[in-house]
Amino acid sequence: MNTSIIDVDHLMLSVNDSARAGAIFENMGFTITPRGQLPGMSNRLICFANAAAGRPNFVELMSLDDPRKAPPAMAEALDGPEGPV
């Protein structure tokens, strides 16, 4: 049985400020996407090469900017300490 990880589909990290988190990861040498705006939220992505065609492979730095405008499930998921969601 092979237990090697070949891809990261989509890991979401809840962060207090997506712009600040993106800058921190850029300073560590990662290439980060521009800040994306979503209803009540914002994000930045750390994209990696795909091990297989058609598979996403990224880490999403997601912040809850206005819980009243975010989808309820996302507001609940992101309303807590920073870390994996």
> Who pairs with Asp17 by side chain to side chain donor-acceptor pair (under 3.5 Å), at least two apart in sequence or on another chain?
Replying inline: none
> Atom CG of Asn57 and atom SG of Cys47: how far apart are they, to the nearest 0.5 Å?
Replying inline: 8.5 Å
>> I need the full list of ring-ring contact (aromatic ring centres under 6.0 Å, His included) pairs touching residues 13-43, with sequence neighbours left out, sorted by first then second residue.
In response: Phe25-Phe30
Show me, pair by pair, the donor-acceptor contacts under 3.5 angstrom made by side chains of residues 36-44, not counting sequence neighbours?
unit_1, atom_1, unit_2, atom_2, d
Gln37, OE1, Arg35, NH1, 2.9
Ser42, OG, Ser18, OG, 2.7
Ser42, OG, Arg35, NE, 3.4
Ser42, OG, Arg35, NH2, 3.0
Ser42, OG, Ser63, OG, 2.8
Ser42, OG, Asp65, OD2, 2.8
Asn43, ND2, Glu60, OE2, 2.6
Arg44, NE, Thr33, O, 2.9
Arg44, NH2, Glu26, OE2, 3.2
Arg44, NH2, Thr33, O, 3.2

Side-chain donor-acceptor pairs of residues 70-85 under 3.5 Å, sequence neighbours excluded:
unit_1, atom_1, unit_2, atom_2, d
Glu82, OE2, Asn16, N, 2.7

> If two hydrophobic side chains count as joined below 4.5 Å and joins carry through other members, does Ile24 share a cluster with Phe48?
Replying inline: yes
> Can Met62 be reached from Phe58 by stepping across I, L, V, M, F, W or Y side chains whose heavy atoms are under 4.5 Å apart?
Replying inline: no
> Step by step, would you call Val59 with Leu45 a side-chain contact (heavy atoms from CB on, under 4.5 Å)?
Replying inline: CA-CA 6 Å; Val59 174; Leu45 305 179; over 6 Å; no
> Taking all non-hydrogen atoms of both residues, which atom of Leu61 and which atom of Val15 are closest, and how far apart?
Replying inline: C-CG2, 4.1 Å
